[in-house]
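For the numbers below, each heavy atom of this structure counts, side chains included, while hydrogens, waters and symmetry mates do not. In this text the structure is predicted, and so the values were computed from the model without any measurement.
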Amino acid sequence: MDWLKDPGFLGTHATTGADLSQLMATLFTALFVVGWLRARKRQADAHHWLMLGGMISMLSFFMAYYLFRQLGVLAVEGKEGFGGSQSLYDYVFIPVLTLHIILVIIGLVMAVYMIVLGFRSQQFVDGVRSLRESRLLTTWKKIGVIFGGIAVAVLGLFFSRVATAGFSMRKLEVYLAFLMVVAFVFAIEMAIQRIWPDGARRHRALGRFTMVIYCVLFVTGSFTYTMLYILYPGKIG
């Protein structure tokens with residue numbers, strides 16, 4: 001993936017990887033926003049496919065930005081990626097970057113969760129897709145099986161990267177934090193289904209929450225991109 005370190009294509013100090021990441025972030029945010037607007041107009045089929053496309057582009061963004069380039073980890077570990085003052089780095093850049101990374105983790109989990117919830121709560125009436133207004137409940141046993149599968153996949157990915165790039169405590173913390181967020185979301189789901197046992201109502205309520213996350217995520221991502229590659233370019237990029 002050395003080509004990701006080449007000069008970018010957006011005319012800034014960014015690398016190709018950083019520009020690709022920003023482009024992907026813009027793409028999946030646009031898909032989610034348009035998809036959400038389609039849902040408000042009761043255009044369920046368009047909403048479904050736009051959200052599915054947004055999820056795929058978001059996962060691609062995650063892989064390109066955080067797994068291949070690891071800029072998020074590098075920027076947290078040192079100041080070499082930021083060319084501004086130390087105070088600006090400590091009190092502006094790092095807090096925004098930290099918020100951005102947290103939102104990325106939450107956003108990835110919510111993307112998958114909302115798609116799964118959408119499939120579970122949908123119905124077809126005369127070939128028309130819509131949300132089924134009925135109780136939609138799960139059990140701790142099912143949650144345990146799903147979480148176990150996710151944990152195996154995530155830890156498998158971590159150890160595969162250890163084999164190729166070596167061990168890093170920071171990387172381990174990132175992967176474990178992701179699993180903790182997944183576990184937290186599952187626990188929240190078990191509580192939320194008691195508040196909103198109706199699957200359609202739950203999908204709509206959590207959909208609004210997820211849209212806020214994605215909008216803030218795009219703003220913080222664009223902010224860090226601007227600081228790193230336009231206003232205060234450093235050694236990275």
Side-chain angles (χ1 to χ4, degrees), residues 1-8 14-29 31-32 51-78 80-81 94 97-117 119 141-189 210 213-214 217 220-221 224-225 228 235-237:
M1 289 295 174
D2 291 337
W3 62 272
L4 291 173
K5 300 178 182 179
D6 293 340
T15 61
T16 298
D19 282 350
L20 178 62
S21 300
Q22 185 64 21
L23 184 63
M24 291 297 293
T26 303
L27 172 62
F28 76 70
T29 302
L31 288 172
F32 282 129
M51 289 301 185
L52 183 60
M55 184 191 74
I56 293 173
S57 63
M58 187 174 189
L59 292 175
S60 300
F61 165 78
F62 171 77
M63 293 180 65
Y65 192 72
Y66 287 93
L67 295 185
F68 293 155
R69 298 186 67 254
Q70 301 174 25
L71 176 59
V73 175
L74 288 173
V76 170
E77 289 180 341
E80 64 269 26
I94 284 298
L97 177 63
T98 301
L99 174 62
H100 178 70
I101 293 174
I102 292 173
L103 291 178
V104 165
I105 296 173
I106 297 174
L108 286 170
V109 173
M110 291 306 298
V112 178
Y113 173 77
M114 290 303 298
I115 290 294
V116 172
L117 180 60
F119 274 112
K141 182 179 180 179
K142 291 181 180 179
I143 290 295
V145 172
I146 295 172
F147 180 76
I150 293 175
V152 169
V154 170
L155 292 178
L157 179 60
F158 170 73
F159 285 115
S160 69
R161 291 195 57 77
V162 168
T164 57
F167 177 80
S168 168
M169 182 57 69
R170 177 70 70 178
K171 293 177 185 177
L172 178 59
E173 291 174 354
V174 170
Y175 282 86
L176 291 179
F178 175 76
L179 287 178
M180 289 176 62
V181 171
V182 172
F184 176 74
V185 169
F186 281 149
I188 291 296
E189 162 64 5
T210 304
I213 293 294
Y214 291 153
L217 176 60
T220 56
T224 56
Y225 177 92
L228 276 173
K235 294 180 181 179
I236 297 178

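- Side-chain contact between L176 and F158: absent, with no pair of heavy atoms (C-beta onward) separated by less than 4.5 Å.
- Once rounded to the nearest 0.5 Å, the distance linking CG of L31 with OH of Y214 reads 11.5 Å.
- Separation of atoms CE (M110) and OG1 (T210) is listed at 3.5 Å; rounding is to 0.5 Å.
- Nearest heavy atoms, Q22 versus Y225: OE1-CB, 3.7 Å.
- Atom CG of residue L172 and atom CG of residue L155 lie 8.5 Å apart, to the nearest 0.5 angstrom.
- The only member of L99, T98, L97 that meets side chain to side chain contact (heavy atoms under 4.5 Å, CB included) when paired with T220 is L99.
- Here the shortest heavy-atom pairing between F32 and M55 reads CZ-N, 3.6 Å.
- Note that the OG1 atom of T29 and the CE atom of M24 stand 10.5 Å from one another [nearest 0.5 Å].
- Distance check: F28 CZ to T26 OG1 gives 8.5 Å after rounding to the nearest 0.5 Å.
- Between L179 and Y175 there is no side-chain heavy-atom pair separated by less than 4.5 Å.
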